[in-house]
Protein chains: 2
Amino acid sequence: MNLKQLTSLIAVAENNFSISHAAEQLHMVQSAVSQQISRLEEEIGTQIFIRKGKRLSGLSPAGEEIVHYAYRAIANTNSILEIGRDQINQVEGKLRIGATHTQAQYILPPVIKAFSQEYPNIELQIHQGSPKQLVNKAIHDEVDLSICTEALGEHPDLVSISSYRWNRVLIARPDHPILNLSLITLEQLCKHPIVTYVYGFTGREVFSDAFKQALLKPKIVLSAADTDVIKTYVRNGMGIGIIASMAYKKQHDSDLVFRDLSHLFPWETTKIAYQKDKYLRIHQQRFIELFQLTVSDLKAVSKPLGYQ
Amino acid sequence: MNLKQLTSLIAVAENNFSISHAAEQLHMVQSAVSQQISRLEEEIGTQIFIRKGKRLSGLSPAGEEIVHYAYRAIANTNSILEIGRDQINQVEGKLRIGATHTQAQYILPPVIKAFSQEYPNIELQIHQGSPKQLVNKAIHDEVDLSICTEALGEHPDLVSISSYRWNRVLIARPDHPILNLSLITLEQLCKHPIVTYVYGFTGREVFSDAFKQALLKPKIVLSAADTDVIKTYVRNGMGIGIIASMAYKKQHDSDLVFRDLSHLFPWETTKIAYQKDKYLRIHQQRFIELFQLTVSDLKAVSKPLGYQ
DNA sequence: TCAGCTTACGGCTCACGTAACAATA
DNA sequence: TATTGTTACGTGAGCCGTAAGCTGA
C-alpha cells in the first residue's frame, strides 16, 4: 500500500465515484487512477467500490470503513509536512477558517484584524457554510478550523474547544408595542410575527424547543441563515426579530431597539474545532488564542469559557 | 513522502537510533534505510534526528512530534489491511493480548477457553508486563488489546473500555490472630507485617493512599508484582497478604483464609484498551465481548460496568 | 455511439543493493 | 581497528501516460 493509492481512493470517493473526475482533480490520467484503485483493491483483497458493470456507483461496507482510515492516514502525513513547514518558516502559510455568517460578520472581524497584523504574510481564507457543512469541511481538511455553535463537539473525529457563551436578543422597530412590556415572556413573543434563523443555524433548534416545552407555538413568518437578512425584514416591519446577542451592534442598528431574552432561552456555546489528526501550525494555534482573547472582551453579553 | 519512509523512521526510533539495527529489523541494508531517512528529512525540510558527527543520538523536538504522527499514519494503513483480512477470512488470524500477571492468571483463563473454542484457528498470544509497559505495547501495536487496572484510560491515544470492578481481600494462615477480629480496620492491618503488590501493579497506589489519608503507616515486609508470590510468602508465615479479590480461588487456596476488605479501600476498575487508530477485527471485537460476559459472572466479588 | 472504465505496453523515475568512503569510539 | 553512517552507481521494480479494447446507457 502507499499514500498515492489512498489519495486516489479519497479523490474518487469525493468525486461521486467518478475515476475521470478524480483523475482531473489529481492532475493524472484516468488509467493511472484506475490502476491505483485496482492495485489497492488487490492488495486489500476486497472490493472497495460497488460496481455496476464497469462503472463505480458507491462504496461497499468495507469501503466505507477503509475510506475513513484513509482520511486519517493522509491527515497524519499532512501533519508531518506541516511540522516541517513550521520549522522552516514561521511567518508564511495560510489559514482557512470555516465559519457561519454570524461568526464571520459579528465575531471574526477584530480577530482577523489582530491576526493579520501579527502575520501579514499569511493568507487568510474564510469559508462560509452551515454548521453541518463546516463539520465536513473540517473533517475533510478543506478548512483548518471551524467556528460555530452547532454540530461541532459531537463528532468523534474533531477536537473542539469551547469559546464563548451567548443567548438571544429581541430586535424591533422603536414603535413596536412589545417594547412597552416591562418583562417579555414566551407567551408575549407568540403574539407577534417573528423573524429568526432557519433550522441548523445559530441555535434555532434550542430556540424552537423552548417554545415546544412551554407548549407554545411561535409565529415564525420568515427564517434566514443570515442575521443581516433578519434585520432587513424587521426594518421593513415584517415582525420582531430574535437574533444572537452578539449580532446586535449599537452603532449600526440604532434604528432598532433591542431587549435581552436570556431569561427565556438556554445559553449556547460557540466552539472552535479542528480535525483530531491535524497538527496545528504555530500561527493556527495563535489564531485560536487571539480568538479566545477577543471573545473574552464580549463579557457584556456573554461569558467566555476555558478549554474543555 | 511515502509509508516506507515512515516505517523506516519508526524502526530507527525504536532501535535506539541505530540505522543498522533498524535495517536488520526491516530486512533491508543499512544504506537503504539511511537513504529513506535522508529523503524524508529532505522533504520535510528539517532534521528529525539529532546527530553527533554521523551517528544518530536522539530525536529533535520536531522529530518527536513527527514520530507520533508517523505511528498514527502507519496504524491507520494497518487498519485498512485488517479490514481486508476481515472480509476474506473471518476465522484465521491472531490475537495479541497484553495483561498483567493477575489478569492472565485469574481472569483470562475462562475467556481464553471460550475464545479458542469459538476460533480454533486463531493464534493467541499473551504478553505480560507492567501496566505502563502494556500501555506502550498497545500504542506501538505490539499487542492488539491491553487489559489492566492502571495507566490505561488516561492515555489520549488509547480507547479504553471499563470492564469490571474489584476490591481487595486479606489472606492469612488459619492460625493468624487477625482472623479473630469481627471487623478488620486499617489500624488493625498496621499491627501485622503485610505482603502485597509492588507500586505500579494491581492498585498498589490506591492501597497505599488509603493508609496515608488515615495517617497510618502499614508494615509492608514484601511486595511483588505477582499474586502467586504473595501467596507463597503468606503460606511461609511472612505475614498477612492483601490481594485483589479475584485472585483468591477457593479450590486452590483452601489452606488460606480470606476476609473481604472492600470497606477499607476504594473500588478499582479494570479496563480493556486498544489504540485509537486501530481497526479491531471481528474476532478481536468478539474477544472483548467474551471478556465482558465472563467478568459479569464474577458478581460475587465485583460489579461489572458497561462501556464508558 | 458515446462516456467511462480497464488492459496492454513503453518509457522513465526512483528505490534497493553493492561497494567504496568517512568518521567515531 | 571495528562499527556505523553516508555517498556513488548500476539494476530492476513499479508507476505514469498513450492508446487500444470493452461495456453499458
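Below, chains carry the letters A, B, ... as their sequence lines are ordered, and counting in each starts from 1. This one's a predicted model, so the numbers in the text were calculated from it and none came from an experiment.
B/Asn16 places its CG atom 14 Å from the C1' atom of D/dT4, with the value rounded to the nearest Å. Per the geometry, CD belonging to B/Glu41 stands 12 Å off C1' belonging to D/dG5, to the nearest Å. Atom P of nucleotide C/dC14 and atom CD of B/Gln5 are separated by 12 Å, given to the nearest angstrom. In this structure, A/Met1 atom CE and D/dG14 atom C1' are separated by 17 Å, rounded to whole Å. For the pair B/Ile37 CD1 and C/dA15 C1', the computed distance is 14 Å after rounding to whole Å. Residue B/Glu42 contributes atom CD, which lies 14 Å from atom C1' of C/dA15 at whole-angstrom precision. In this structure, A/Asn15 atom CG and C/dG4 atom P are separated by 12 Å, rounded to whole Å.
With a 6.0 Å radius and a threshold of 12 heavy atoms from other residues, nucleotides or ligands, B/Glu24 has its CD atom at or below the threshold.
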Nucleic acid footprint by protein, nucleotides 16-25 of chain D - heavy-atom cut-off 4.0 Å, B for base, S for sugar-phosphate alone | BBBB-BBSS-
Would A/Tyr274 and A/Ser160 count as a side chain to side chain donor-acceptor pair (under 3.5 Å) if you check the C-alpha gap in whole Å, the side-chain angles of each, and the deciding distance to 0.1 Å?
-> CA-CA 7 Å; A/Tyr274 53 92; A/Ser160 89; over 6 Å; no
Please step through side chain to side chain contact (heavy atoms under 4.5 Å, CB included) for the pair B/Gln47 and B/Phe49, ending with a clear verdict.
-> CA-CA 6 Å; B/Gln47 290 243 330; B/Phe49 292 101; 5.8 Å; no
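Residue A/Asn2 places no side-chain N or O under 4.0 Å from the OP1 or OP2 atom of D/dG14. For C/dT6, the OP1/OP2 oxygens have a side-chain nitrogen or oxygen of A/Arg51 closer than 4.0 Å.
Computed from C1' positions of five pairs at each end, the angle between the two local axes of the helix from C/dT1-D/dA25 to C/dA25-D/dT1 equals 30°, rounded to 10 degrees.
Remark: B/Glu42 does not engage B/Arg39 in a salt bridge, criterion side-chain N to carboxylate O under 4.0 Å.
No contact: B/Phe49 has no heavy atom under 4.0 Å from any strand. Nucleic acid contact for A/Ser18: sugar-phosphate only, since backbone atoms but no base atoms lie under 4.0 Å from a heavy atom of the residue.
The one candidate from B/Lys278, B/Arg281, B/Lys94 that meets the salt bridge (charged side-chain N to carboxylate O under 4.0 Å, His left out) condition with B/Asp144 is B/Lys278.
A donor-acceptor pair shorter than 3.5 Å cannot be found between the side chains of B/His283 and B/Asp86. Under the 3.5 Å distance criterion, with hydrogens and angles disregarded, a donor-acceptor pair is assigned to the side chains of A/Asn15 and A/Gln25. With no hydrogens or angles considered, no side-chain donor-acceptor pair links B/Gln103 and B/Gln105 at under 3.5 Å.
Using bins of under 30°, 30° to 60° and over 60° for the plane-to-plane angle, the ring pair B/Phe287/B/Phe115 lands in the perpendicular bin.
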